[in-house]
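A short write-up of the structure that comes next.
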Amino acid sequence: MLISHKNKFIFIKSSKSAGTSLELFFEPCCFADGAKIPAKRKSVHEDEYGIVGVRARISQMEVKPKWYNHQNATQVKAQIDPEIWSTYTKFSSVRNPYSRAVSQF
């Protein structure tokens with residue numbers, strides 16, 4: 001889950017659809033120019049440039065973070081300003097349904 005205030009987009013990460021690759025590609029858009037971006041995200045990044053959710057197994061954490069990698073759109077929408085939700089571009093990746101079913105099997 002990424003929110004870039006700098007570029008006005010919201011990325012909803014789906015499972016089994018190259019979501020991590022896309023997340024890593026777009027993550028720099030959520031930081032100040034030239035900022036050092038941690039390789040592993042074990043805590044939430046949230047500032048005036050954007051929000052990057054925790055990239056970890058949420059089920060193994062004692063306290064569920066406010067922002068995490070596989071939040072769905074309804075959860076994200078409930079936690080942000082309605083104006084941000086209505087004006088930012090929202091996108092996700094979708095895998096071929098057959099390929100996804102085989103992968104989940």
Side-chain angles (χ1 to χ4, degrees):
M1 190 288 311
L2 304 172
I3 299 176
S4 173
H5 297 305
K6 187 167 63 170
N7 296 295
K8 299 189 182 303
F9 71 75
I10 300 170
F11 172 66
I12 306 295
K13 182 179 176 184
S14 59
S15 60
K16 300 294 183 188
S17 63
T20 301
S21 296
L22 287 170
E23 184 180 45
L24 292 172
F25 180 80
F26 287 108
E27 193 171 297
C29 298
C30 301
F31 287 86
D33 292 335
K36 182 174 169 133
I37 301 168
K40 294 187 178 185
R41 171 103 23 244
K42 295 195 179 206
S43 63
V44 172
H45 164 82
E46 186 171 2
D47 65 13
E48 67 271 11
Y49 296 100
I51 302 169
V52 181
V54 173
R55 194 179 314 124
R57 292 187 187 270
I58 304 304
S59 61
Q60 296 177 353
M61 300 178 86
E62 289 182 31
V63 178
K64 188 176 184 178
K66 180 179 179 181
W67 304 107
Y68 55 94
N69 58 350
H70 287 290
Q71 275 182 289
N72 64 43
T74 304
Q75 294 167 324
V76 173
K77 183 179 180 182
Q79 296 187 91
I80 62 173
D81 184 303
E83 185 177 335
I84 290 174
W85 182 261
S86 66
T87 59
Y88 283 25
T89 300
K90 294 157 284 293
F91 66 98
S92 187
S93 60
V94 181
R95 189 173 187 177
N96 176 301
Y98 177 78
S99 176
R100 182 176 180 155
V102 169
S103 177
Q104 288 177 333
F105 179 71

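Side chains included, hydrogens not; waters and symmetry mates left out as well; all remaining heavy atoms used. Each residue takes its place number in the sequence, starting with 1.
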Within the 4.5 Å heavy-atom criterion, are Asn72 and Gln75 side-chain neighbours or not?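 Of all side-chain heavy-atom pairs linking Gln75 with Asn72, at least one is under 4.5 Å.
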Close side-chain approach of Ile3 to Val76, heavy-atom, < 4.5 Å: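 Contact flag for Ile3/Val76 side chains = yes.
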Closest non-hydrogen atom pair between [X] and [Y], with its separation:
X: His5; Y: Ile84; answer: CE1-CD1, 3.9 Å
X: Leu2; Y: Glu23; answer: CD1-O, 3.6 Å
X: Ser43; Y: Val54; answer: C-CG2, 3.6 Å
X: Tyr49; Y: Ala32; answer: CE1-CB, 3.4 Å

Around atom CD of Glu83, are there more than 12 heavy atoms of other residues, nucleotides or ligands at under 6.0 Å?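 At most 12 heavy atoms, drawn from other residues, nucleotides or ligands, come within 6.0 Å of this atom.
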OH (Tyr68) with more than 12 external heavy atoms under 6.0 Å: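 Counting other residues, nucleotides and ligands, OH of Tyr68 exceeds 12 neighbours.
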Shared hydrophobic cluster for Tyr88 and Ile80 (ILVMFWY, side-chain gaps under 4.5 Å):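 Yes, Tyr88 and Ile80 fall within the same hydrophobic cluster.
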Could you see if Ile37 belongs to whatever hydrophobic cluster contains Val52? Use Ile, Leu, Val, Met, Phe, Trp, Tyr and a side-chain cutoff under 4.5 Å.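 Shared cluster, yes.
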All side-chain hydrogen bond (donor to acceptor under 3.5 Å, both in side chains) counterparts of Glu46, not counting sequence neighbours: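 Only Trp67 meet the side-chain hydrogen bond (donor to acceptor under 3.5 Å, both in side chains) criterion with Glu46.
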Please name all residues satisfying side-chain hydrogen bond (donor to acceptor under 3.5 Å, both in side chains) with Ser14, sequence neighbours left out, ordered by chain then number.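 Per chain and number, Ser14 pairs via side-chain hydrogen bond (donor to acceptor under 3.5 Å, both in side chains) with Ser17.
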Enumerate donor-acceptor pairs with a distance under 3.5 Å from any side-chain N or O in residues 24-31 to protein atoms, sequence neighbours excluded.
| unit_1 | atom_1 | unit_2 | atom_2 | d |
| --- | --- | --- | --- | --- |
| Glu27 | OE1 | Arg55 | NH2 | 2.5 |
| Glu27 | OE2 | Arg41 | NH2 | 3.1 |

Out of curiosity, Ile51 CD1 to His45 NE2, how far, rounded to the nearest 0.5 Å?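 Between atom CD1 of Ile51 and atom NE2 of His45 there are 8.5 Å.
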So does Phe11 get a backbone contact from the side chain of Lys13, meaning a donor-acceptor N/O pair under 3.5 Å?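 Checking the backbone N and O of Phe11 against the side chain of Lys13, no donor-acceptor pair under 3.5 Å is found.
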Would you confirm whether Gln79, through its side chain, and Lys66, through its main-chain N or O, come within 3.5 Å as a donor-acceptor pair?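 Side chain of Gln79 to backbone of Lys66, a donor-acceptor pair under 3.5 Å: yes, one is there.
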According to salt bridge (Lys or Arg N to Asp or Glu O under 4.0 Å), who are the partners of Lys6, at least two apart in sequence or on a separate chain?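 Listed in chain order: Asp33.
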Can you name the salt bridge (Lys or Arg N to Asp or Glu O under 4.0 Å) partners of Asp81, sequence neighbours left out?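 For Asp81 there are no salt bridge (Lys or Arg N to Asp or Glu O under 4.0 Å) partners, ignoring immediate neighbours.
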Can you list everything that forms a ring-ring contact (aromatic ring centres under 6.0 Å, His included) with His70? Sequence neighbours excluded, please.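 Partners of His70 by the ring-ring contact (aromatic ring centres under 6.0 Å, His included) criterion come out as none, since no residue qualifies.
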